[in-house]
Amino acid sequence: MQLWTYVAGIAQGDFGDSYRYRVPALDVVATAVPFTLSITLTAVLLLLALGIALGMGVGVATRGDRHRWLDLSFNLVTGFVSSVPTYVMATALVAVFAITLHWLPPAYSPAYGFGQAAILPVAALTISGTCSVARIVRRETAVILEQDYMRTARGWRLPALWLYAKHMLPNLLTTALTLSGIILTALLGSALITEAVFAWPGLGGVIVQAIAVDKDYPVIRAAVFVIGLISLVITLVIDVILGLIDPRTLGEKRG
């Protein structure tokens, strides 16, 4: 009966009351969700824009085994940076830009303003992802540039901007959007750790406080449920967008 009551409560958004705050656990989580989504969505948009631009640029510049030094340098730098854990990147950014240079605040505080305090958390989430996307886009660019339709378009002497924006970029968007769903879901997990480094008032701080200090199990369960729900919604939205852009992703119709 307890299990049935608990499951029925979850179906109605009732995870019980927080042990610490004495309010519904879902309300505690709901106040933190906008903070987490703000830096996560911003990071995804930035890393997709930067990663696609960087990958396309290097792919075009190194077409036909040209500029081997650029290709090797690109692979070396992006491979190293993309392997750095997010919490290490966050700590390094704090050490350089907050402690050493004093350019940005080391942690969230209303006194600094939302935008200024969000710069370092967003950067920590963006840098590694940008390198990962750029590496994949660079490989996709190399493949697309060797396709027959691209050779034909180059033979027509089309302007470079029109050639790459009209004929190559749409084919890269499918890969980029597929990656964005995977990356955004992964960034939700990375954001929880990053928020702890920057004292960001998002889901990461709520979960750490609930687990390590308060043993606030209703809040923990509500937070995990919300993260899982957000991941499902993100996957669904990405699949819908992919279907609208490229119906081939929906599979072949069987007669």
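In this structure the side chain of V143 reaches within 4.5 angstrom of the side chain of Q147, judged on heavy atoms. Side-chain contact between V233 and V237 is present, with at least one heavy-atom pair separated by less than 4.5 Å. Looking at V84 and I127, their side chains never come closer than 4.5 Å, going by heavy atoms from C-beta outward. Side-chain contact between L54 and V133: absent, with no pair of heavy atoms (C-beta onward) separated by less than 4.5 Å. Counting only heavy atoms from C-beta outward, the side chains of L125 and T86 approach each other to under 4.5 Å. Proximity of I227 to I207: side-chain heavy atoms (C-beta onward) are separated by under 4.5 Å at one or more points. Using a 4.5 Å cut-off on side-chain heavy atoms (C-beta onward), Y217 and R221 make contact. In this structure, the side chains of D216 and Q209 stay at 4.5 Å or more apart for every pair of heavy atoms.
Judged by distance alone, with hydrogens and angles left aside, the side-chain atoms of S132 form a donor-acceptor pair with the main-chain N or O of S128 at under 3.5 Å. Remark: the backbone N or O of L50 is not paired with any side-chain donor or acceptor of T130 at under 3.5 angstrom. Between the side chain of S73 and the backbone N or O of L70, no donor-acceptor pair lies under 3.5 Å. Of the possible donor and acceptor atoms, none in the side chain of T62 sits under 3.5 Å from a partner among the backbone N and O of H67. Using modelled atom types, no side-chain atom of T100 and backbone atom of F97 make a donor-acceptor pair closer than 3.5 Å. With R135 contributing its side chain and F74 its backbone, the two residues share no donor-acceptor pair below 3.5 Å. Side chain of W200 to main chain of T194: no donor-acceptor pair is present (N/O by atom type, distance under 3.5 Å, no hydrogens or angles).
W4 and I10 are not part of a single hydrophobic cluster, where members link through side-chain heavy atoms under 4.5 Å apart. In the hydrophobic clustering of ILVMFWY residues, with side-chain heavy atoms under 4.5 Å counting as a link, L93 and V197 come out together. V206 and V208 are members of different hydrophobic clusters when ILVMFWY side chains are connected at heavy-atom separations under 4.5 Å. Under a hydrophobic clustering in which Ile, Leu, Val, Met, Phe, Trp and Tyr are joined whenever their side-chain heavy atoms come within less than 4.5 Å, directly or via other members, I144 and V60 fall into the same cluster. Linking ILVMFWY residues whenever their side-chain heavy atoms come closer than 4.5 Å, directly or via other members, places Y19 and F15 in the same cluster.
Of all heavy-atom pairs spanning A117 and Y108, the tightest one is CB-CD1, 3.9 Å. The two residues P105 and Q116 come nearest to each other via the heavy atoms CD-CG, 3.7 Å. Heavy atoms only, all atoms of each residue included: G13 and L26 are closest at O-CD2, 3.3 Å. Between S18 and V28, the shortest heavy-atom contact is CB-CG2, 4.1 Å. Counting all heavy atoms, side chain and backbone alike, A118 lies closest to I39 at CB-CG2, 4.4 Å. Residues S82 and C131 approach most closely at CB-CB, 4.0 Å, considering heavy atoms.
Between R20 and D214 there is a salt bridge, since at least one side-chain N of the basic residue sits less than 4.0 Å from a carboxylate O of the acidic one.
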Practice prompt. Go through T141 and R63 one step at a time and tell me if the side chain to side chain contact (heavy atoms under 4.5 Å, CB included) criterion holds.
Written response: CA-CA 9 Å; T141 299; R63 177 172 61 88; over 6 Å; no

Item to complete: Please step through side chain to side chain contact (heavy atoms under 4.5 Å, CB included) for the pair V33 and I230, ending with a clear verdict.
Response: CA-CA 10 Å; V33 168; I230 292 173; 4.3 Å; yes

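From Y21, atom OH reaches atom OG1 of T31 across 8.0 Å, with rounding to the nearest 0.5 Å. A distance of 10.0 Å separates OG1 in T126 from CG in L48, rounded to the nearest 0.5 Å. Taken to the nearest 0.5 Å, the CD1 atom of I238 stands 8.0 Å off from the OG1 atom of T235. The structure places CE of M56 at 8.5 Å from CG of L145, a figure rounded to the nearest 0.5 Å. The CG atom of L236 lies 10.0 Å from the CD1 atom of I241; values are rounded to the nearest 0.5 Å. One distance of note links NZ of K215 with CD1 of I220; it measures 8.5 Å at 0.5 Å rounding.
Atom OH of Y87 sits in a sparse spot, with 12 or fewer heavy atoms from other residues, nucleotides or ligands closer than 6.0 Å.
For F198, the ring pair (Phe, Tyr, Trp, His ring centres under 6.0 Å) test picks out no residue, with sequence neighbours left out.
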